[in-house]
Amino acid sequence: MEDNIDIINGLVNFRKLLIKNRPEIKKYEKIRKLHEDVLYSLENYLIKNIDKKSNETTKCLTNEKFFYPIDLDSRSESNRSILFEIFIFKTHPDLKSITEEYVEKNKFRNPDKIKMLNAMNNSVVGLFKVVDVDFDSCIVTYEDVFTHKKYKLMDISFSTIYSKSYDGIYMYNRLITYDNITFGTGSPIFFLNSDKKVKDFIKKHNYKNHSDVYRCLYLYYLCSEVNNEL
């Protein structure tokens with residue numbers, strides 16, 4: 001498994017090296033770095049307020065009859081990504097996200113960081129089906145399985161390793177648009193198109209009556225179950 005990961009990382013890094021001087025790639029990499037800088041500040045705030053945020057979110061989830069724990073071990077990179085998703089971004093109408101708090105309190109002074117913060121605050125999240133991949137432009141087209149809206153995002157890694165075996169793959173991701181470039185935050189939740197469990201979820205899920213935090217955690221635990229069966 002580790003050998004496969006090393007091969008994939010090697011392919012992606014080589015691809016990045018080949019295209020790094022393209023103007024749109026330079027812009028994309030600059031935007032990603034800005035997002036990382038903003039996220040670092042938000043993460044520090046989250047660490048200080050994690051207990052309060054967890055209690056508030058647990059109450060909302062209980063009302064939705066979701067009883068899985070939120071006490072995820074942040075030492076795991078996957079768990080950390082989920083904690084960012086459910087606390088930093090807007091995931092429930094009755095919960096104030098950290099991005100919202102930063103916007104309201106004018107936490108940033110740097111214009112670029114303010115712009116990125118607003119982009120994060122206006123981002124979209126969902127369970128998407130991959131419907132097209134353009135290797136040359138690094139553009140991946142998603143379709144939300146519930147709203148059927150389509151989104152085009154730049155994803156160097158996925159467009160590099162994509163093969164026909166990934167056709168119709170399902171990915172839960174958050175999409176941020178900054179200066180006309182859309183990118184994903186890189187959620188660890190994905191399912192192969194042949195997976196019966198995610199197809200059953202899509203078929204039975206009442207989209208309008210559940211929040212994004214419910215869908216995120218439900219699909220994360222479902223994804224973990226699927227991976228444990230492999």
Side-chain angles (χ1 to χ4, degrees), residues 26-64 66 69-128 142 144 147 149 151-155 157 171-189 210-220:
K26 286 183 177 181
K27 181 179 179 181
Y28 167 79
E29 294 291 0
K30 184 178 179 180
I31 289 172
R32 293 306 301 252
K33 177 62 170 62
L34 175 62
H35 172 250
E36 288 176 7
D37 291 343
V38 171
L39 194 61
Y40 178 76
S41 176
L42 302 181
E43 180 184 5
N44 288 333
Y45 182 86
L46 171 59
I47 291 170
K48 296 175 184 176
N49 295 274
I50 186 69
D51 290 338
K52 176 176 178 290
K53 292 290 184 184
S54 294
N55 290 336
E56 292 172 348
T57 305
T58 298
K59 289 179 182 178
C60 290
L61 285 169
T62 300
N63 292 335
E64 293 188 63
F66 184 91
I70 305 181
D71 56 341
L72 301 171
D73 186 352
S74 61
R75 289 173 296 180
S76 160
E77 188 66 28
S78 294
N79 288 349
R80 192 161 159 262
S81 296
I82 298 303
L83 290 172
F84 287 174
E85 169 58 34
I86 63 178
F87 295 128
I88 287 177
F89 296 97
K90 186 70 173 178
T91 57
H92 194 286
D94 296 333
L95 294 172
K96 184 171 287 187
S97 68
I98 292 177
T99 55
E100 286 179 310
E101 291 185 36
Y102 264 58
V103 169
E104 289 179 3
K105 297 176 182 179
N106 297 311
K107 289 278 191 176
F108 290 133
R109 293 292 179 265
N110 179 285
D112 291 334
K113 287 187 176 182
I114 293 172
K115 186 176 178 179
M116 175 56 75
L117 184 65
N118 280 297
M120 293 168 68
N121 200 37
N122 294 315
S123 58
V124 297
V125 70
L127 178 62
F128 303 99
Y142 281 175
D144 189 301
T147 68
K149 291 182 180 179
Y151 303 86
K152 292 183 181 295
L153 65 149
M154 184 169 284
D155 190 333
S157 297
M171 304 179 76
Y172 189 88
N173 208 347
R174 179 168 292 274
L175 309 182
I176 301 170
T177 301
Y178 182 100
D179 271 358
N180 297 317
I181 285 185
T182 300
F183 63 93
T185 56
S187 166
I189 305 172
H210 288 291
S211 63
D212 288 323
V213 65
Y214 174 98
R215 275 184 287 277
C216 177
L217 286 170
Y218 189 100
L219 288 166
Y220 183 51

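This is a predicted model, so every value here is computed, not measured. By convention here, the first residue in the shown sequence is residue 1.
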*Asks:* Of all heavy-atom pairs between Ser97 and Thr99, which one has the smallest distance, and what is that distance?
*Replies:* OG-OG1, 2.9 Å

*Asks:* On a heavy-atom basis, which atom in Leu175 and which in Tyr142 lie closest, and how many Å separate them?
*Replies:* CD2-CE1, 3.8 Å

*Asks:* Of all the heavy-atom pairs spanning Val125 and Phe128, show the shortest one and how long it is.
*Replies:* C-CZ, 4.1 Å

*Asks:* Taking the side chain as every heavy atom from C-beta outward, state whether Asn79 and Tyr220 have any atom pair closer than 4.5 Å.
*Replies:* yes

*Asks:* Is the backbone of Leu117 close enough, under 3.5 Å, to the side chain of Asn121 for a donor and an acceptor to pair up by distance?
*Replies:* no

*Asks:* Do side-chain atoms of Lys53 reach the backbone of Lys96 as a donor and acceptor pair under 3.5 angstrom?
*Replies:* yes

*Asks:* Closer than 4.0 angstrom, basic N to acidic O: yes or no for Asp179 and Lys115?
*Replies:* yes

*Asks:* Side chains of Leu39 and Met120, heavy atoms from C-beta outward: is any pair under 4.5 Å?
*Replies:* yes

*Asks:* How many angstroms lie between CG in Leu34 and CG in Asp112, if you round to the nearest 0.5 Å?
*Replies:* 6.0 Å

*Asks:* Does Asn180, at its CG atom, have more than 12 non-hydrogen atoms belonging to other residues, nucleotides or ligands within less than 6.0 Å?
*Replies:* no

*Asks:* Between Cys60 and Leu95, is there a side-chain heavy-atom distance shorter than 4.5 Å?
*Replies:* yes

*Asks:* Do Ser76 and Ser78 meet the criterion of a side-chain donor-acceptor pair at a distance under 3.5 Å?
*Replies:* no

*Asks:* How close do Tyr178 and Met116 get, heavy atom to heavy atom, and via which atoms?
*Replies:* CE1-N, 3.5 Å

*Asks:* Quick one: do His210 and Tyr218 satisfy ring-ring contact (aromatic ring centres under 6.0 Å, His included)? Show the steps, please.
*Replies:* CA-CA 11 Å; His210 288 291; Tyr218 189 100; 8.5 Å; no

*Asks:* Testing the basics here: between Lys90 and Asp212, what is the closest heavy-atom pair and its distance to 0.1 Å?
*Replies:* O-OD2, 4.3 Å

*Asks:* With distance as the sole criterion, is a donor-acceptor pair present between the side chains of Asp144 and Tyr151 under 3.5 Å?
*Replies:* no

*Asks:* Report the C-alpha distance between Thr185 and Phe84 in whole Å, list the side-chain angles of each, state the deciding distance to 0.1 Å, and finish with yes or no for side chain to side chain contact (heavy atoms under 4.5 Å, CB included).
*Replies:* CA-CA 10 Å; Thr185 56; Phe84 287 174; over 6 Å; no

*Asks:* Could you give me the CA-CA distance, side-chain angles and deciding distance for Thr91 and Tyr214, then say whether side chain to side chain contact (heavy atoms under 4.5 Å, CB included) is met?
*Replies:* CA-CA 8 Å; Thr91 57; Tyr214 174 98; over 6 Å; no

*Asks:* Check this for me: does any side-chain nitrogen of one of Glu56 and Lys52 sit under 4.0 Å from a carboxylate oxygen of the other?
*Replies:* yes

*Asks:* Working note: Lys27 + Met154, criterion side chain to side chain contact (heavy atoms under 4.5 Å, CB included); need CA distance, chi angles, decisive distance, verdict.
*Replies:* CA-CA 11 Å; Lys27 181 179 179 181; Met154 184 169 284; over 6 Å; no

*Asks:* Are Ser187 and Glu85 close enough that a side-chain donor and a side-chain acceptor fall under 3.5 Å?
*Replies:* no

*Asks:* Restricting to non-hydrogen atoms, name the atom on Cys216 and the atom on Ile86 that form the minimum distance, rounded to 0.1 Å.
*Replies:* SG-CG2, 3.9 Å

*Asks:* Taking Arg80 first and then Glu77, would you say they form a salt bridge - that is, a charged N and a carboxylate O separated by under 4.0 Å?
*Replies:* yes

*Asks:* Quick check on side chain to side chain contact (heavy atoms under 4.5 Å, CB included): which of Val124, Leu42, Val213, Ile176 does Phe89 satisfy it with?
*Replies:* Ile176

